[in-house]
Amino acid sequence: MDRKAIKKTVHLTLLILIAIVIISGLGISYYQTIEGITGGLLSKNLSFQLHTLLFLPFLLILLIHIFFSWLWPKKKSDK
């Protein structure tokens, strides 16, 4: 894989993880609303477990994202 494909994969993975972490965080705080929206699929306990389990993968992908930005800075022709 070339750099561009790796960067896109990391960006997409980070975006998905951010969305899941936000939704699971809301599922902890506003569990009745999130349970209603998801049809009971995402309970308060499941939200907490998801939020806890995704912490390390989220942190790892975030650090990779920051490292790639530092390692391969954006060039003017790299749009």
Side-chain angles (χ1 to χ4, degrees):
M1 288 176 71
D2 62 333
R3 290 181 187 179
K4 202 169 197 174
I6 293 171
K7 280 184 172 184
K8 282 191 176 200
T9 304
V10 170
H11 291 319
L12 184 61
T13 306
L14 185 60
L15 181 66
I16 292 169
L17 281 174
I18 287 171
I20 294 172
V21 166
I22 288 173
I23 292 169
S24 66
L26 288 172
I28 296 169
S29 301
Y30 302 104
Y31 61 94
Q32 292 173 335
T33 305
I34 297 298
E35 278 185 19
I37 291 172
T38 62
L41 183 64
L42 195 60
S43 66
K44 185 174 184 174
N45 291 333
L46 183 59
S47 294
F48 183 75
Q49 288 175 348
L50 257 175
H51 205 74
T52 305
L53 288 174
L54 288 178
F55 175 72
L56 288 178
F58 173 74
L59 187 62
L60 178 69
I61 297 295
L62 181 63
L63 290 174
I64 290 171
H65 172 76
I66 292 169
F67 179 71
F68 281 169
S69 297
W70 175 73
L71 184 64
W72 299 322
K74 191 172 186 177
K75 298 176 185 172
K76 290 183 181 181
S77 63
D78 190 30
K79 292 184 180 178

Going by atom type alone, with no hydrogens or angles, which donor-acceptor pairs under 3.5 Å involve a side-chain atom of residues 14-24 and a protein atom two or more places apart or on another chain?
| unit_1 | atom_1 | unit_2 | atom_2 | d |
| --- | --- | --- | --- | --- |
| Ser24 | OG | Ile20 | O | 3.1 |
| Ser24 | OG | Val21 | O | 3.1 |
| Ser24 | OG | His51 | ND1 | 2.9 |

What donor-acceptor contacts under 3.5 angstrom involve side-chain atoms of residues 40-47, with partners at least two apart or in another chain?
| unit_1 | atom_1 | unit_2 | atom_2 | d |
| --- | --- | --- | --- | --- |
| Ser43 | OG | Leu46 | N | 3.3 |
| Ser47 | OG | Ser43 | O | 2.8 |

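Interatomic distance, OG1 of Thr33 versus CD of Glu35, reported as 9.5 Å (0.5 Å rounding). Annotation: the span from Ile66 atom CD1 to Leu71 atom CG amounts to 13.5 Å, rounded to 0.5 Å. Rounding to the nearest 0.5 Å gives a distance of 11.5 Å between CZ of Phe55 and CG of Leu60. Note that the CG atom of Leu56 and the CD1 atom of Ile61 stand 11.5 Å from one another [nearest 0.5 Å]. Taking CD from Gln49 and CG from Leu53, the interatomic distance works out to 7.0 Å, rounded to the nearest 0.5 Å.
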| Does the pair Phe68 and Ile64 meet the rule for a side-chain contact (heavy atoms from CB on, under 4.5 Å), with working shown? | CA-CA 6 Å; Phe68 281 169; Ile64 290 171; 3.7 Å; yes
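Linking ILVMFWY residues whenever their side-chain heavy atoms come closer than 4.5 Å, directly or via other members, places Phe58 and Phe67 in the same cluster. Both Leu54 and Leu26 sit in one connected hydrophobic cluster of ILVMFWY residues. Membership requires side-chain heavy atoms under 4.5 Å apart, directly or through other members.
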